[in-house]
Structures are given as structure tokens and as C-alpha cells.
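Note sheet for the following structure.
Order of the sequence lines sets the chain letters (A, B, ...), proteins ahead of strands, with each chain counted from 1.
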Amino acid sequence: MSLIYNDSRIYCSDTPFDPNNINTNLTFPLSHLFFCPICQEPRATHQTSYDIESKFCANCLTDYSNNKNLTHCIKNCFECPDCHANLSITMTDHDNKGKSFNFNCVYCEYSYVTSVIYKPKSLHAIVDDEKRANPDSFHQLCDAIRKGVLGPEEEKSPVSKNIELMLQQTRRQEQTPTPPTELDLTIKSYPQARKLTTKTSHRCCKCHNLVLAYANDKTQPTINKFAVKFSAVDYLPTISISNLFNGEKFSSQVLKKWNGTTILMIHLINPMSVKCTVNISIPSSYNVAPEVNCKITIPLNQVTLGPTSTNLIKTIPSCFLTSNTPTGKRELILRKGDVMHKPPASFEEVEENLNNFVERGINWYSIPVIINLDGSNTFNFRLPVYITLKSELPDVLKKIPGHDALSVGYWNVIDLGSVSLV
Amino acid sequence: MSYIETSSGNRISQDAKISGTSQISIESNCTISHNVILQGDTFTSESPTIQLGKYCYLDTNCRITPETTPVTIGSYVIIGVNTTVHSSTISNRVIIEGDCTIATSSVIYDCCIIRKGTVIPNRLVIPPYSEVSGVPGKDFAIRKLHPSFKKLIEIEAKQLQILG
Ligand SMILES: [Zn+2]
Ligand SMILES: [Zn+2]
Ligand SMILES: [Zn+2]
């Protein structure tokens with residue numbers, strides 16, 4: 001039961017959700033979302049605005065937060081233009097106190113040797129000067145355009161001058177059908193300064209409230225402390241799917257061959273320290289795939305999930321428990337007792353007594369669902385579930401004005417992976 | 001296949017290949033799975049050559065081989081199937097998925113996920129809250145990881161210790 005590796009994605013967009021045509025570009029794993037406490041809605045990064053709060057070089061840990069325009073490290077942190085690995089730098093002495101510098105990639109074959117330098121200059125200045133003195137075809141073209149437009153002769157407007165240049169070019173091509181001289185397309189690559197790492201604060205686009213802000217200590221850029229942090233994983237339940245019984249693992253990565261009716265288990269796990277009521281609604285019929293009819297039967301639509309616990313094992317639904325470790329085995333025996341040693345119930349038994357297979361724990365529920373698929377096709381099966389969550393305010397949200405309870409509604413799409421109907 | 005359990009809650013597979021045990025320090029609640037290779041004797045040193053914090057989970061066939069400097073691994077670190085870690089420093093709450101290579105003198109800061117098949121070249125520093133994928137020169141990329149992963153990676157590591 002992983003909170004990181006599961007197949008639920010939350011729909012985040014102002015465009016209304018269409019279960020018959022799910023836009024997967026607008027669904028995100030719960031772990032990637034913020035939660036706006038004012039709007040009481042999950043927020044994807046694209047639904048937030050951001051400000052750069054600080055920036056630093058990960059390689060030398062220099063803080064550049066006060067240098068507004070810098071995007072790259074100005075110390076000797078160079079990376080390979082071909083593979084982005086670090087460049088090691090060595091120096092060679094020459095006659096008349098001359099020096100040259102050698103850059104070698106620690107990972108690939110890339111190397112670069114500067115010309116001999118006689119006056120002290122920063123490595124960045126040396127590389128920049130050499131780049132300017134020896135422009136590749138792309139930079140030559142840029143230069144030509146820049147000169148064409150911004151040239152010193154003012155008798156013609158830059159626009160007409162450029163048009164004239166272009167016309168000349170076209171006429172020349174018409175007159176001489178000989179192929180144009182081939183451009184030298186090799187772009188010489190120079191050592192690159194390392195890009196800075198940024199820390200950004202985020203605000204909800206709708207209400208402009210902060211959903212993430214750093215409590216920054218600029219002397220230790222690699223330590224991240226947050227002054228404000230509203231993550232969706234702290235409020236919204238994790239929803240995952242598994243096979244009915246533990247033992248055989250469910251994987252959305254594997255092609256499943258189903259013959260019409262399948263029973264799976266949906267699990268809902270509450271992350272909050274307060275209990276919550278969750279309403280689950282699945283569209284009674286929707287287009288799963290062309291020429292496939294889908295009917296879903298779920299024995300209950302509303303559950304109350306208790307508060308989470310620091311005793312981690314109690315928060316794991318039984319389906320995910322294993323007897324690989326003594327702790328796991330002990331818990332399984334405690335929960336299942338004798339049932340563990342009996343053969344699992346047959347398909348028909350489960351189908352007829354669906355309610356008996358509902359299981360609940362301190363902060364979770366496991367609910368069996370019957371999935372009836374009719375047709376013949378191989379398709380990616382996505383199960384959209386509309387979740388309505390209601391609870392009293394968890395302590396962290398009590399400080400936020402405007403609400404006296406938590407009430408959230410959103411679409412959660414469970415990706416079951418490829419299914420082939422046989 | 002069976003495991004040896006230590007008083008500090010570490011579970012070590014009987015077919016893990018561990019050499020130089022006197023130079024290996026494992027804090028508590030760590031899992032060393034089948035065929036894991038821990039080479040603590042690649043050089044001699046007063047302090048440990050391989051150091052693991054608490055709740056580390058080393059999956060099947062992964063390999064820790066220090067060269068001339070130690071491998072230091074913090075707490076809540078998951079190392080996937082067939083991954084090789086050379087001399088490097090890995091902070092707390094890091095997931096390194098399967099088939100990765102972490103080269104010498106690289107540093108991985110807190111709260112990072114290194115995706116399956118990634119190669120981290122020598123001396124590269126991965127800033128906190130990063131998601132890293134790919135092979136240098138081909139498709140290597142470092143993206144930002146959402147702050148919620150601090151809690152999630154810790155839970156993941158603790159769950160693996162329970163579920164095996
Ligand atoms: Zn730097
Ligand atoms: Zn390179
Ligand atoms: Zn908002």
C-alpha cells in the first residue's frame with residue numbers, strides 16, 4: 001500500500017470534467033498537489049502563481065538570492081554542454097607566464113582547452129571571450145540580423161532595409177539555380193556555467209492565498225523549512241485499487257485479461273487527525289472505450305473514516321499486509337484469525353454477499369466493486385470516481401478564516417492500466 | 001529464504017553478501033534483502049566505510065561499493081533492485097529506484113527520488129526536493145519534487161520495513 005506508487009490521479013482544471021472523455025493531461029497524482037485552505041480545493045502547480053524566494057548553486061552552495069538577474073553560478077562551477085555532468089578544470093603553464101585551462105567532463109569524452117592567457121581573468125570571462133571571438137553559424141546569423149536591423153546607416157528604416165536584404169536573397173536564388181553554399185552546421189560547444197536551483201513560493205491562482213512558502217535560512221541553502229505548506233496529501237484520502245484478496249498483487253503496468261466480470265477492492269485512507277465522511281459516486285454508465293459497455297456495482301456509497309494513527313501498521317488495509325516480516329504476520333493473524341488458513345471465497349460467493357467483504361480499519365475502508373464489461377476490445381481502463389469529503393476542521397485549518405468545516409468535492413480517476421476483454 | 005533479526009530491529013537476509021562487517025554501521029530497523037552486496041572492506045579506515053541510518057530498505061541485488069571514500073546513507077532511504085551505489089553521500093528520505101548507478105563523490109540531498117535506470121555521474125550534487133531521471137548525454141533531467149514527499153518517503157520506508 002504505497003502512498004507514492006498508486007494509480008489514482010486527481011482532476012484539476014476549470015474545464016468541467018467529462019467522464020466519457022478524460023483529459024489525462026489535467027489529472028495529477030495526489031502527491032503533486034497543493035490544497036488551498038480558502039477555496040478548499042486541490043491545486044495543481046499550473047493553478048498557482050509563484051515567486052522565486054531564493055536561489056543558490058547546488059554545486060558550491062553559494063547563495064545568489066540578492067543577485068536578481070543571475071541564472072547561472074559565477075564561480076568555477078562548470079558543466080558539460082553535452083551531458084550536464086561536472087567539468088574538472090586543470091591549468092597548464094606556458095612561456096612568458098602564460099596559462100591555459102583544460103576542462104574535462106567527468107562522465108563523457110567532452111573536453112575543451114582555452115587559448116593561452118597572459119592577464120588574470122575569470123574562467124567565465126575567458127570562455128565568454130572565446131565564444132564571442134569564434135561564433136558558430138547560429139550566432140553568426142544572429143549577428144547578421146542584429147547588424148541588419150541596428151546598423152549605423154540611418155538613411156533607410158531598419159524594416160525596409162531588412163526587406164531589401166530578403167528580396168536580394170530571393171532574387172539571387174531565382175537567378176542562380178546553383179545550390180546555396182552549405183552552412184557550417186557544427187555548433188561548437190563551450191563549457192557551461194551551472195544553472196542555479198531556486199526555491200519558489202506558491203499562491204492559489206483563484207484566491208491568491210499562499211499554499212507554500214519557505215522559512216528561509218540563506219546560510220544553509222540545502223535545508224528546506226516551510227513557513228506555509230498546504231499539501232493535498234494531508235487532507236484528501238488516498239484512494240487505491242487492488243485485487244480482492246492479498247497474495248496476488250495488482251499492477252496497472254501489466255495487461256489484464258478479463259472475461260466480462262471482475263471484482264476488485266477500492267481502498268480509501270484518511271490522512272487527517274480528524275474523522276471524515278466520504279461519499280463515493282461512480283457514473284452509472286460511461287464510455288470506457290469504443291464498443292465497450294461498463295457497469296459498476298459498489299455495495300456502499302458513503303463511509304466514515306476514522307482519524308489516522310501514528311501506529312503505522314494499523315493504517316494499512318489488510319489487503320496489503322504480508323507475512324514477510326514477523327510484525328506483518330502478527331498483524332495479519334490478529335485481523336484475519338482463522339480465515340487466513342481457509343481457501344479464499346469463490347467469485348460467486350463474493351458476488352452474492354458483497355457487503356460481507358467490506359472491511360474497515362481505524363482510518364480506512366476497503367470496498368469490493370463488481371466491474372461488468374461487455375464488448376471485445378483492448379483498452380486503457382480508467383475508473384472516474386467523484387469524491388465528496390466532509391469533516392470538522394483539522395487543527396491546522398482552524399487558523400484560516402472563512403470556514404467552520406471542511407467540505408471538498410473532486411474527481412479521482414483510478415487508472416487500472418490495459419485491459420483486454422476475452 | 002530466511003532473515004537474521006538483530007536486537008535493533010535490522011533484518012538481514014542470510015544470503016546477503018556482506019564483507020568487512022567491522023567497517024559497516026547500520027543504525028536500526030533496516031532491511032538488507034536477498035543477494036544485496038555490501039563491500040565494507042574495499043579500504044581500511046577508522047570510521048565506517050558504509051554507514052546506514054534508520055529505516056533503510058535495500059532491495060534485492062542492490063550493491064554498495066565504496067572506493068576510496070565512505071558511502072554515507074541517512075535515514076528512510078530506499079535503494080531499488082539492481083542499483084549500485086559507489087562512494088557517495090545520500091541524505092534522509094531518498095528513494096533510488098531500480099537499475100540506477102550512483103557514481104563516486106556524488107551527493108544526494110534530502111527528499112529526492114531517483115527514477116528507475118538513472119545514472120548519476122561523478123561529483124554531481126542533487127539539490128533537496130529533486131526528481132532525477134535518465135542517463136547523461138541522453139535524457140538526463142532534474143525536476144522539482146513536491147514538498148509533500150518529505151512525509152510520503154518516510155512513510156514508504158517505514159511501510160517497507162513492516163511489509164518486507
Ligand atoms: Zn557554483
Ligand atoms: Zn559530458
Ligand atoms: Zn484558493
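- Between chain B and the residues A:Thr197, A:Leu312, A:Thr315, A:Thr222, the most heavy-atom pairs under 4.5 angstrom are made by A:Thr222.
- Closest heavy-atom contact between B:Leu152 and A:Ser31: CD1-CB, 3.4 Å.
- For the pair B:Glu97/A:Tyr5, a side-chain contact is recorded, criterion being any heavy-atom separation below 4.5 Å from C-beta on.
- Residue with the most contacts toward chain A among B:Ile153, B:Thr31, B:Val125, B:Leu145: B:Val125 (heavy-atom pairs, distance under 4.5 Å).
- Top candidate by heavy-atom pairs under 4.5 Å with chain B, chosen from A:Glu331, A:His32, A:Lys229, is A:His32.
- For chain B, the nearby parts of A:Phe34 are the backbone and the side chain; heavy atoms of each come within less than 4.5 Å.
- Note that CD1 of A:Ile223 is 8.0 Å distant from CG of B:Asp110, once rounded to the nearest 0.5 Å.
- Heavy-atom minimum distance, A:Leu3 versus B:Glu156: N-OE1, 3.8 Å.
- At least one donor-acceptor pair under 3.5 Å links the side chain of A:Thr322 to the backbone N or O of B:Leu163.
- Only the backbone of A:Lys199 has a heavy atom closer than 4.5 Å to any heavy atom of chain B.
- The environment of NZ in A:Lys55 is crowded: more than 12 heavy-atom neighbours from other residues, nucleotides or ligands sit within 6.0 Å.
- Most heavy-atom pairs under 4.5 Å with chain A: of the set B:Gly164, B:Pro147, B:Pro121, B:Ser130, this distinction falls to B:Pro147.
- In this structure, A:Asn59 and B:Arg123 approach most closely via the heavy-atom pair OD1-O, 4.1 Å.
- For B:Lys151 against A:Pro271, the heavy-atom pair with the smallest separation is NZ-CB, 4.3 Å.
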Step-by-step ring pair (Phe, Tyr, Trp, His ring centres under 6.0 Å) determination, A:Tyr214 to B:Tyr129 | CA-CA 13 Å; A:Tyr214 289 85; B:Tyr129 292 94; 7.9 Å; no
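- Inter-residue side-chain proximity for A:Tyr107 and B:Val119 is flagged as met; some heavy-atom pair is nearer than 4.5 Å.
- Atom CD of A:Gln253 is surrounded by 12 or fewer heavy atoms from other residues, nucleotides or ligands within 6.0 Å.
- Across B:Leu124 and A:Arg194, no two heavy atoms sit closer than the pair CD1-NH2, 3.3 Å.
- The distance between the ring centers of B:Tyr109 and A:Phe56 does not fall below 6.0 angstrom.
- Note: A:Ile4 leads A:Asn86, A:Ile4, A:Val233 in heavy-atom pairs under 4.5 Å with chain B.
- Two residues are said to be in side-chain contact when any heavy atoms from C-beta on lie closer than 4.5 Å; B:Lys144 and A:Thr200 meet this criterion.
- If you measure heavy-atom distances from B:Val107 to chain A, you find no contacts under 4.5 Å at all.
- To the nearest 0.5 angstrom, B:Asn29 atom CG is 9.0 Å from A:Thr327 atom OG1.
- Annotation: the span from A:Thr325 atom OG1 to B:Arg11 atom CZ amounts to 5.5 Å, rounded to 0.5 Å.
- Using a 4.5 Å cut-off between heavy atoms, B:Glu5 touches chain A through its side chain atoms alone.
- No part of A:Ser323 comes within reach of chain B, as not one of its non-hydrogen atoms sits under 4.5 angstrom from that chain.
- For the options A:Thr45, A:Leu33, A:Leu30, heavy-atom pairs under 4.5 Å to chain B are most numerous at A:Leu33.
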